[in-house]
Number of protein chains: 2
Amino acid sequence: MAHSPNALMIRKLDSIFSLSDEERQVLGSLPVQVATFKPDRDIVRIGDRPSQSFMVLQGFTCVYKLTAEGKRQIVAFHVPGDLPDLQSLHLKVMDHSVATVSACTLGFIPHEALYDLCNRYPRITAALWRETLVDASIFREWMTGIGRREAYNRMAHLLCELLVRLKAVGVAEDETFDLPVTQTELADAIGASTVHVNRVLQELRADGLIRSRGTQIQILDWDRLKEAGDFDPLYLHLRQDGKA
Amino acid sequence: MAHSPNALMIRKLDSIFSLSDEERQVLGSLPVQVATFKPDRDIVRIGDRPSQSFMVLQGFTCVYKLTAEGKRQIVAFHVPGDLPDLQSLHLKVMDHSVATVSACTLGFIPHEALYDLCNRYPRITAALWRETLVDASIFREWMTGIGRREAYNRMAHLLCELLVRLKAVGVAEDETFDLPVTQTELADAIGASTVHVNRVLQELRADGLIRSRGTQIQILDWDRLKEAGDFDPLYLHLRQDGKA
DNA sequence: CGCTGCTTTGAATTCTGTCAAGACGTGTGG
DNA sequence: CCACACGTCTTGACAGAATTCAAAGCAGCG
């Protein structure tokens, strides 16, 4: 299932602008170093000054921050095809940490190579910039949920988002997907306690919106889940056909 | 007090990279259309497809989203020197709305002019890109607060952030600044109810952390306010000297 | 089979929201 | 110059969402 990192990148950027042959070629020859990580490992830490960014090739990663009290907030999940750490290209010091959630395969690309790329291909710059803007849009949506929606609805919203994003990169089909994320991590993502996430998931099941077996999540009633989550995919800025 | 829009932009970007004379000149000749807005007016709305971005020259603006239930979450405040709507350069459809909070003077710049600029000056592209990344960093910090800190601490955090940001652009000096924002708006920003914001502000006053007279906020005990807010300015990505 | 980590339950507590009403302040109009 | 109106701020009482603490099931894995 592990795509070639370069192929994944090309596919991603190509879906935004139609890349020229030259652009494809340059992207194809980017030096990418592939590495695997176990679940729950920090990839970059707050305070670090990374000299490379990476693309998720397999698995789930998350971006998180800790409060002084030691509470954790996950501010983003990233799935195959995402570039969770692009911002380190222009913000030298990490203001957050990035970690694996499941076991992951990652493709690291030196900043140098990206700078070079950006200097020569403004359209690729724009595409990468756009990626970071979509991330920011998702932050806004999550913040709105955490600030103004109840836990039940936030959970529904998160499940909607994940299904749509996973479908967009072809990692999910139909209404089922693998969610290798513990309830504690879900809690950190929606800003609730583990106990409460547990109860909210039970409610979603009882209401017939979802079903789960192990880490598999099945959406039983997409329309009602969408409504419960107040989910409108506009903020994901996907193309009309729902592809990334 | 209204700076020339171009001068403000040059100053901002110059503080990130030292601009060359040519870059200064190009920025100085950007076509900027200045307009004034009354308080509480939408500047761009969700669903719009703007053909220009703008810089705040005077006043406060906010970025907000509404839930299906009609609740509002303010996800960002913007102050003079900020470019609240830069992302519309690459994300065609607005996923949120932007509005004035106080009366504002804004400088609009056509996207066309910005595209042109970016195609010719990669360093300016990088500086603008960086602006949007700092916005995203602030989203992450706010999300962490809303998800994991209590209202009292979020309020303290917000006041810390505003003081630092206003100082960075020279709109605040010492420990006092003008906050032309109602308690309802503060509530929408920290994800709390108006009533609760009122009580939290009273607590902050009672604890001797702040004082307020009208819209003027005075920080009485910066160290304790910082601690209460769990505030570390790292995420603002300012230069060492605290300038924007 | 026994860890270890994750999920599930129950009960008590606390933070925060909602509702409703009154106080305050400023600008307008008579 | 005073009365009035409107928006904002402030208070009190109550309800509800969600947290915390604690303990008991479960499941996968060596």
Side-chain angles (χ1 to χ4, degrees), chain A residues 38-41 60 67 69-74 99-103 144-158 178-207 210-217 228 230, chain B residues 38-41 60 67 69-74 100-103 145-158 178-206 210-217 228:
Chain A
K38 296 194 169 148
D40 242 323
R41 295 289 193 278
F60 278 59
T67 68
E69 280 189 320
K71 294 185 177 176
R72 180 168 81 152
Q73 177 68 44
I74 291 178
T100 57
V101 174
S102 64
T144 304
I146 297 173
R148 291 302 187 209
R149 288 193 262 257
E150 309 207 329
Y152 178 88
N153 310 279
R154 298 206 291 279
M155 194 68 236
H157 185 101
L158 179 57
D178 190 49
L179 187 64
V181 179
T182 65
Q183 293 186 3
T184 302
E185 288 161 337
L186 290 174
D188 286 342
I190 69 169
S193 68
T194 307
V195 172
H196 202 232
V197 161
N198 184 280
R199 290 177 175 138
V200 151
L201 284 172
Q202 286 179 57
E203 262 191 272
L204 287 169
R205 286 190 283 249
D207 292 346
I210 64 168
R211 189 157 60 177
S212 59
R213 208 163 60 269
T215 59
Q216 293 293 115
I217 299 278
D230 189 9
Chain B
K38 296 194 171 148
D40 242 321
R41 295 289 192 281
F60 279 59
T67 68
E69 280 189 322
K71 295 185 176 177
R72 180 167 82 150
Q73 177 68 42
I74 290 179
T100 57
V101 174
S102 64
I146 297 173
R148 290 303 187 209
R149 289 192 263 256
E150 308 206 331
Y152 177 88
N153 311 279
R154 299 206 290 279
M155 194 69 237
H157 188 283
L158 178 57
D178 190 48
L179 187 64
V181 179
T182 65
Q183 292 185 1
T184 302
E185 287 160 339
L186 290 174
D188 287 342
I190 68 169
S193 68
T194 307
V195 172
H196 203 231
V197 161
N198 184 280
R199 291 179 172 135
V200 152
L201 284 172
Q202 287 179 58
E203 263 192 90
L204 287 170
R205 285 190 285 250
I210 64 168
R211 190 156 60 178
S212 60
R213 210 162 60 270
T215 59
Q216 293 293 115
I217 299 279

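Scope of the values below: all heavy atoms of this structure, side chains included, with no hydrogens, waters or symmetry mates. Note on naming: letters A, B, ... go to the chains in the order of the sequence lines (proteins, then strands), and numbering restarts at 1 for each one.
Across all strands, A:Thr182 comes closer than 4.0 Å only to sugar-phosphate atoms, never to a base (heavy-atom distances). Heavy atoms of A:Gly191 sit under 4.0 angstrom from primed sugar atoms or phosphate atoms, though from no base atom. A:Arg213 comes within 4.0 angstrom of nothing in the nucleic acid, heavy atoms only.
Across the interface with DNA chain C, nearest-nucleotide mapping of A:Thr184 and A:Gly147 shows A:Thr184 to be the residue nearer the 5′ end. Comparing B:Asp40 and B:Arg148, the nucleotide of DNA chain D nearest to each residue sits closer to the 5' end for B:Asp40.
Rounded to an integer number of Å, the gap from B:Met155 CE to D:dC9 P is 11 Å. Rounded to a whole Å, the CD1 atom of B:Ile217 is 10 Å from the P atom of D:dC9. To the nearest angstrom, C1' of D:dG7 lies 16 Å from CG of B:Leu186. Atom CG in B:Asp188 sits roughly 11 Å away from atom P in C:dG17 (whole-Å rounding). In this structure, the CD1 atom of B:Ile146 is 11 Å from the P atom of C:dG17, given to the nearest Å. What separates CG of A:Asn153 from P of D:dA17 is a distance of 11 Å, to the nearest Å. D:dA18 atom P lies 13 Å from atom CG of A:Leu201, rounded to whole Å. Atoms CD (A:Gln216) and P (D:dA27) sit 17 Å apart, rounded to a whole Å.
Remark: A:Asp178 CG to A:Thr215 OG1 distance equals 3.5 Å, nearest 0.5 Å.
Closest non-hydrogen pair, A:Arg148 versus B:Ala187, comes out as NH2-O, 3.1 Å.
Under a 3.5 Å cut-off, the side chain of B:Glu185 and the backbone N or O of B:Thr182 do form a donor-acceptor pair.
Listed nucleotides: D:dT20, D:dA17, C:dT16. Nearest to the side chain of A:Glu150: D:dA17. The side chain of B:Gln183 sits closest to D:dT10 out of D:dT10, D:dA13, C:dC6. The nucleotide whose nearest atom lies closest to any side-chain atom of B:Asn198 is, among D:dT11, C:dG17, D:dC21, D:dT11. Nearest nucleotide to the B:Val195 side chain, out of C:dG10, C:dC19, D:dC9: C:dC19. Picking from D:dG12, C:dG17, C:dT7 the nucleotide with the shortest atom distance to the side chain of B:His196 gives C:dG17. Of the candidate nucleotides D:dT11, D:dT20, C:dT7, D:dT20 has the atom lying nearest to any side-chain atom of A:Arg199. Minimum atom distance to the side chain of B:Gln202 is reached by D:dT10, of the listed C:dT18, D:dT10, C:dT16.
Residues A:Asp188 and A:Lys71 are not paired through a salt bridge, judged by the lack of any N-O separation under 4.0 Å between the basic side chain and the carboxylate.
Side-chain N/O atoms of B:Thr67 and A:Asp230 include no donor and acceptor closer than 3.5 Å. A:Arg149 and A:Thr144 are not linked by any side-chain donor-acceptor pair at a separation below 3.5 angstrom, with hydrogens and angles left out of the test.
The side chain of A:Arg149 contributes no N or O atom lying less than 4.0 Å from OP1 or OP2 of D:dA17.
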